[in-house]
Amino acid sequence: MDDASTTVAELRALVRRFVDERQWSQFHTPKNLAMSVAIEAAELMEHFQWLTAEQSAAVAVDAGKRQAVGEELADVVCYALALANALDLDLADSVARKMLRNAEKYPTGEFQGRYGHDDPGPQATGGGN
């Protein structure tokens with residue numbers, strides 16, 4: 001499996017099969033799954049806690065750290081897919097709709113190169129051209 005040839009539906013089915021084979025759906029309530037997403041996200045964040053921006057970017061070229069981060073990221077995605085299964089949410093539709101809302105909230109002309117409303121942008125800091 002790889003990103004280029006695997007659909008979201010295939011990943012959801014993979015997670016669903018794993019859960020069903022273990023009869024874990026009885027534990028996979030939306031509440032428990034949402035909490036699990038947050039818990040696994042915290043474990044992912046531990047890999048970057050206290051690192052500088054440069055050190056965190058260097059994880060991409062450290063095979064061991066990159067694999068460990070990939071496993072934590074996979075846990076987050078698996079629980080997100082399980083939550084989508086439990087709520088019968090169309091994840092692709094949800095992502096597409098959210099990106100449209102984000103595009104309206106952060107129009108490119110206003111937010112290009114700025115992280116949000118509180119970012120004064122490069123002109124205010126003297127770093128822009």
Side-chain angles (χ1 to χ4, degrees):
M1 295 185 104
D2 62 32
D3 286 354
S5 63
T6 306
T7 67
V8 174
E10 289 170 326
L11 292 175
R12 286 179 66 157
L14 181 66
V15 169
R16 182 178 288 117
R17 188 171 45 253
F18 181 87
V19 171
D20 288 347
E21 288 171 350
R22 287 153 185 81
Q23 298 181 340
W24 284 353
S25 59
Q26 61 186 315
F27 310 114
H28 280 206
T29 64
K31 177 196 75 76
N32 288 349
L33 292 168
M35 292 175 70
S36 296
V37 167
I39 290 165
E40 295 299 338
E43 291 180 14
L44 174 62
M45 289 188 293
E46 283 183 317
H47 289 276
F48 299 100
Q49 187 178 21
W50 312 121
L51 299 182
T52 65
E54 293 78 16
Q55 290 169 327
S56 68
V59 167
V61 294
D62 181 315
K65 290 179 182 176
R66 188 168 179 264
Q67 180 179 350
V69 166
E71 289 176 7
E72 295 300 343
L73 183 57
D75 284 339
V76 172
V77 172
C78 287
Y79 278 119
L81 292 168
L83 183 56
N85 286 341
L87 295 174
D88 196 25
L89 280 172
D90 186 318
L91 200 51
D93 180 63
S94 296
V95 169
R97 287 178 187 265
K98 183 63 179 176
M99 292 310 295
L100 283 174
R101 287 182 43 205
N102 286 347
E104 292 170 6
K105 186 176 179 181
Y106 303 104
T108 55
E110 190 178 340
F111 288 94
Q112 197 157 25
R114 296 178 55 215
Y115 62 77
H117 293 283
D118 294 334
D119 182 356
Q123 293 176 340
T125 60
N129 45 343

Measure the spacing between [atom1] of [X] and [atom2] of [Y] and express it to the nearest 0.5 Å.
{"X": "Arg101", "Y": "Glu104", "atom1": "CZ", "atom2": "CD", "result": "8.5 Å"}
{"X": "Leu81", "Y": "Leu89", "atom1": "CG", "atom2": "CG", "result": "11.5 Å"}
{"X": "Ser36", "Y": "Lys31", "atom1": "OG", "atom2": "NZ", "result": "8.5 Å"}

Tell me the closest heavy-atom pair linking [X] and [Y], and the distance in Å.
{"X": "Gly113", "Y": "Asp119", "result": "O-OD2, 4.0 Å"}
{"X": "Leu33", "Y": "Ala86", "result": "CD1-CB, 3.8 Å"}
{"X": "Ser5", "Y": "Glu10", "result": "O-OE1, 3.6 Å"}
{"X": "Leu51", "Y": "Val59", "result": "CD1-CG2, 4.4 Å"}
{"X": "Lys105", "Y": "His117", "result": "O-NE2, 4.4 Å"}
{"X": "Met1", "Y": "Thr6", "result": "CE-CG2, 3.4 Å"}

Worksheet item: Any chain of hydrophobic side-chain contacts (each under 4.5 Å) joining Val15 to Ile39?
Response: no
Worksheet item: Is it true that Met35 and Tyr79 fall in one hydrophobic cluster, defined by side-chain heavy atoms closer than 4.5 Å?
Response: no
A quick test of your reading: do over 12 heavy atoms of other residues, nucleotides or ligands sit less than 6.0 Å from [atom1] of [X]?
{"X": "Arg22", "atom1": "CZ", "answer": "yes"}
{"X": "Asp3", "atom1": "CG", "answer": "no"}
{"X": "Gln26", "atom1": "CD", "answer": "yes"}
{"X": "Gln112", "atom1": "CD", "answer": "no"}

Discussion item. Restricting to side-chain contact (heavy atoms from CB on, under 4.5 Å), what partner residues turn up for Glu71, sequence neighbours left out?
Written reply: Gln67
Worksheet item: Within the distance-only criterion (no hydrogens, no angle test), does the side chain of Asn85 pair as donor or acceptor with the backbone N or O of Arg12 below 3.5 angstrom?
Response: yes
Worksheet item: Under 3.5 Å, side chain of Glu110 to main-chain N/O of Pro107, donor-acceptor pair present?
Response: no
Worksheet item: Sequence neighbours excluded, which residues qualify as salt bridge (Lys or Arg N to Asp or Glu O under 4.0 Å) partners of Arg66?
Response: none
Worksheet item: Is the Tyr106 ring parallel, tilted or perpendicular to the Phe111 ring (thresholds 30°, 60°)?
Response: perpendicular
Are any non-hydrogen side-chain atoms of [X] and [Y] less than 4.5 angstrom apart?
{"X": "Val8", "Y": "Asp90", "answer": "no"}
{"X": "Arg97", "Y": "Leu100", "answer": "no"}
{"X": "His28", "Y": "Val19", "answer": "yes"}

